[in-house]
Participant: 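Structure in structure tokens, see below.
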Amino acid sequence: MVSALIFALVFIYPLRLSAQDDSCHIRISLLTASPGEELYSTFGHSAIRVTDTVSHTDIVYNYGTFNFDDPNFYTKFIRGKLLYYISSDEASSFMQEYIAENRSVTEQVLNLTCEEKTGLADFLQKNLSGENRFYKYDFLFDNCTTRLRDAIEKTTDKTVHFGNVLTSKKTFRDLIHWYLNRNNMPWSKLGIDILLGKPTDAAMSNYQVMFLPEYLMKTMDSSSLDGRPLVLSKKEIIGAQQSPGAWNYFTDPLFIFSVLFVLIVLLSFLKSSFVKRMLIAFDGFIYFVTGLLGILLLFMWFGTDHIVCRDNFNLLWAWPTNVIAAFYIHSKKRPGTRYFMIYTAGLALLLLAWFFLPQNLNASLIPVVAIIIFRTILYLSKEKL
């Protein structure tokens, strides 16, 4: 009985309401889902709902769909060539997914004329087939949320005046950090900070901030079209009890890497031959890993279509050539001494300039860089520790 009542309130009541308060049989609304617990859902989601009281349809259009069975899926995904596409689903099925995940959904009914509603509904329906269905996804500039903003703009003859929701200067990375911190994802934050380069630190315009579902929703609240508010009404149609995860300092990468730094320093002054052999292996390992990481960053910069991975200042500490240097750092012939001297001097300068660079480097990496400096200085001083 209770479930039937909930179903009626969420799905049937909007159909009747639209027929009462709107002379047009089409009702279009923006749906905004709250962030989920998984990384892919950390930033929330957006979709457009089209309710037609004549055809008795209630369809949700979603631009965040991709095909796992796509040939070379992982290769295309890594290189930024994977095509996303628009899909549609019954509103009831769409809502059930978010109910199951305990995620709220807010609905904003758009204040459009009958002609504008028809145009937007036709645009979405036509995009379900043909080449227009697919697009090359870009997390910051062309994603499942910005596509909804663009669809609204494209299907009206009037200029949409988007409201300003930015009260202070914000970069893309600032907002990405906010959501990752909220969901207690320090390791995901570290990985993202390493992969995303300088473009992520650009100050956002009010238009660009709408790449995030929550900010698209906020912007719509203060936007207008042809002198009228763009949003007619707003309501949370699915409620959820969500609380951010508690931050665990002991699993934070900054804490773990700091402890590792202290441990490496202490072990380096022990006389045990076993410890010495372990540290020699560690030196080769950390050089090799930073080299591999540097190669990955170069590939993401030059070998993919990911604009946000370009101009990556993490290459200042992750030199690709470290892959080779890893095999020579404790060589008896001591080749490449000048290389290690230049690299260590470069890392020292990097630490001094860490918080003044055009790109925000993750502070958790400071102990890692300090470890490399310390161990390389010991090598250069010819102390076999």
Side-chain angles (χ1 to χ4, degrees), residues 26-35 41-51 59-66 83-88 94 105-113 115-128 132-167 170-172 174-176 178-179 199-200 202-234 307-308:
I26 298 176
R27 179 177 182 268
I28 296 184
S29 56
L30 175 68
L31 302 179
T32 304
S34 63
S41 62
T42 294
F43 304 97
H45 187 51
S46 298
I48 283 186
R49 180 182 188 181
V50 179
T51 305
I59 306 297
V60 173
Y61 295 86
N62 168 29
Y63 276 95
T65 318
F66 55 87
L83 296 180
Y84 280 56
Y85 60 91
I86 182 175
S87 62
S88 64
F94 178 87
V105 175
T106 300
E107 182 174 38
Q108 292 167 293
V109 179
L110 300 184
N111 190 15
L112 305 176
T113 64
E115 182 180 359
E116 290 165 347
K117 292 177 185 180
T118 302
L120 180 52
D122 288 345
F123 174 84
L124 295 170
Q125 193 61 33
K126 288 177 181 178
N127 272 252
L128 285 176
N132 290 334
R133 185 184 187 190
F134 298 92
Y135 71 101
K136 192 163 65 174
Y137 181 91
D138 185 290
F139 176 61
L140 299 184
F141 305 110
D142 193 2
N143 64 20
C144 51
T145 298
T146 63
R147 283 266 156 172
L148 304 182
R149 175 202 63 194
D150 297 344
I152 294 171
E153 282 192 292
K154 289 177 181 178
T155 54
T156 176
D157 295 332
K158 307 295 189 301
T159 300
V160 180
H161 297 281
F162 293 108
N164 188 359
V165 297
L166 290 174
T167 57
K170 296 287 185 182
T171 67
F172 292 101
D174 287 336
L175 290 187
I176 291 172
W178 189 89
Y179 281 91
T200 320
M204 294 179 296
S205 67
N206 184 67
Y207 193 76
Q208 291 172 326
V209 77
M210 288 183 277
F211 83 99
L212 290 167
E214 184 178 0
Y215 280 85
L216 175 64
M217 178 179 68
K218 291 179 178 179
T219 301
M220 289 293 177
D221 281 337
S222 56
S223 299
S224 62
L225 175 61
D226 195 26
R228 63 185 185 274
L230 186 54
V231 174
L232 183 64
S233 63
K234 180 180 180 181
I307 298 176
V308 292

Participant: Evaluate the ring planes of Phe211 and Phe139, with Trp represented by its six-membered ring, and classify them as parallel (under 30°), tilted (30 to 60°) or perpendicular (over 60°).
Facilitator: perpendicular
Participant: Only pairs at least two apart or in different chains count here, so list each salt bridge (Lys or Arg N to Asp or Glu O under 4.0 Å) that has a residue in residues 149-165.
Facilitator: none
Participant: Could you measure the distance from the OG atom of Ser205 to the CZ atom of Phe162? Nearest 0.5 Å is fine.
Facilitator: 11.0 Å
Participant: Could you tell me whether the side chain of Met210 reaches within less than 4.5 Å of the side chain of Thr146, counting heavy atoms only?
Facilitator: no
Participant: Please name the pair of heavy atoms, one in Pro213 and one in Phe43, separated by the smallest distance, quoted to 0.1 Å.
Facilitator: CD-O, 3.2 Å
Participant: Below 30° counts as parallel, above 60° as perpendicular, anything between as tilted: where do the rings of Tyr135 and Tyr63 land?
Facilitator: perpendicular
Participant: Is there side-chain contact between Glu107 and Leu31, with heavy atoms separated by less than 4.5 Å?
Facilitator: yes
Participant: Before you tell me yes or no, could you show the steps for Leu112 and Thr156 under side-chain contact (heavy atoms from CB on, under 4.5 Å), namely the whole-Å CA-CA distance, both residues' side-chain angles and the distance that decides it to 0.1 Å?
Facilitator: CA-CA 9 Å; Leu112 305 176; Thr156 176; over 6 Å; no
Participant: Are any of the side-chain heavy atoms of Val209 and Lys170 separated by less than 4.5 Å?
Facilitator: no
Participant: If you compare all heavy atoms of Leu124 against all heavy atoms of Ile86, which two are closest, and at what distance to 0.1 Å?
Facilitator: O-CD1, 3.9 Å
Participant: Mind checking the CD1-OG1 spacing from Ile26 to Thr51? Nearest 0.5 Å is all I need.
Facilitator: 10.0 Å
Participant: Under the side-chain contact (heavy atoms from CB on, under 4.5 Å) test against His45, which residue among Thr32, Asn62, Val105 passes?
Facilitator: Asn62
Participant: Taking atom NZ of Lys126 and atom CG of Leu128, what is their separation to the nearest 0.5 Å?
Facilitator: 12.5 Å
Participant: Within the 4.5 Å heavy-atom criterion, are Leu175 and Tyr215 side-chain neighbours or not?
Facilitator: yes
Participant: Can you run down the salt bridge (Lys or Arg N to Asp or Glu O under 4.0 Å) pairs that involve residues 212-229, sequence neighbours left out, and say none if there aren't any?
Facilitator: Glu116-Arg228, Glu214-Lys218, Asp221-Lys234, Asp226-Arg228
Participant: With rounding to the nearest 0.5 angstrom, report the OG to CD1 distance, Ser87 to Ile59.
Facilitator: 11.0 Å
Participant: How close do Leu30 and Ala47 get, counting heavy atoms only, and between which atoms?
Facilitator: CD1-O, 3.5 Å
Participant: Taking all heavy atoms of Gln208 and all of Met204, pick out the closest pair and write down the distance.
Facilitator: OE1-CA, 3.6 Å
Participant: Could you walk me through whether Tyr84 and Lys136 satisfy the side-chain contact (heavy atoms from CB on, under 4.5 Å) test, starting with their C-alpha distance in whole Å, then the side-chain angles of each, then the deciding distance to 0.1 Å, before giving a yes or no?
Facilitator: CA-CA 6 Å; Tyr84 280 56; Lys136 192 163 65 174; over 6 Å; no
Participant: Does a side-chain heavy-atom distance below 4.5 Å link Leu212 with Thr145?
Facilitator: no
Participant: What closest approach, in Å, do Gly119 and Thr155 show between heavy atoms, and which atom pair accounts for it?
Facilitator: O-CG2, 3.7 Å
Participant: Ignoring hydrogens and angles, tell me if any N or O in the side chain of Asn206 forms a donor-acceptor pair with the backbone of Val165 under 3.5 Å.
Facilitator: yes
Participant: Nearest 0.5 Å, please: how far is OH in Tyr137 from CG in Asp142?
Facilitator: 9.5 Å
Participant: If you round to the nearest 0.5 Å, how far is CG of Leu110 from OG of Ser29?
Facilitator: 7.0 Å
Participant: Do you know which two heavy atoms are closest between Met217 and Gln108, and how far apart they sit?
Facilitator: O-NE2, 2.9 Å
Participant: Decide yes or no on side-chain contact (heavy atoms from CB on, under 4.5 Å) for Asn111 and Leu225, but give the supporting numbers first.
Facilitator: CA-CA 8 Å; Asn111 190 15; Leu225 175 61; over 6 Å; no
Participant: Thr171 vs Thr200, test: side-chain contact (heavy atoms from CB on, under 4.5 Å). Steps then yes/no.
Facilitator: CA-CA 7 Å; Thr171 67; Thr200 320; over 6 Å; no
Participant: Given the side-chain rings of Phe172 and Phe141, with only the six-membered ring counted for Trp, is the space between their centroids under 6.0 Å?
Facilitator: yes
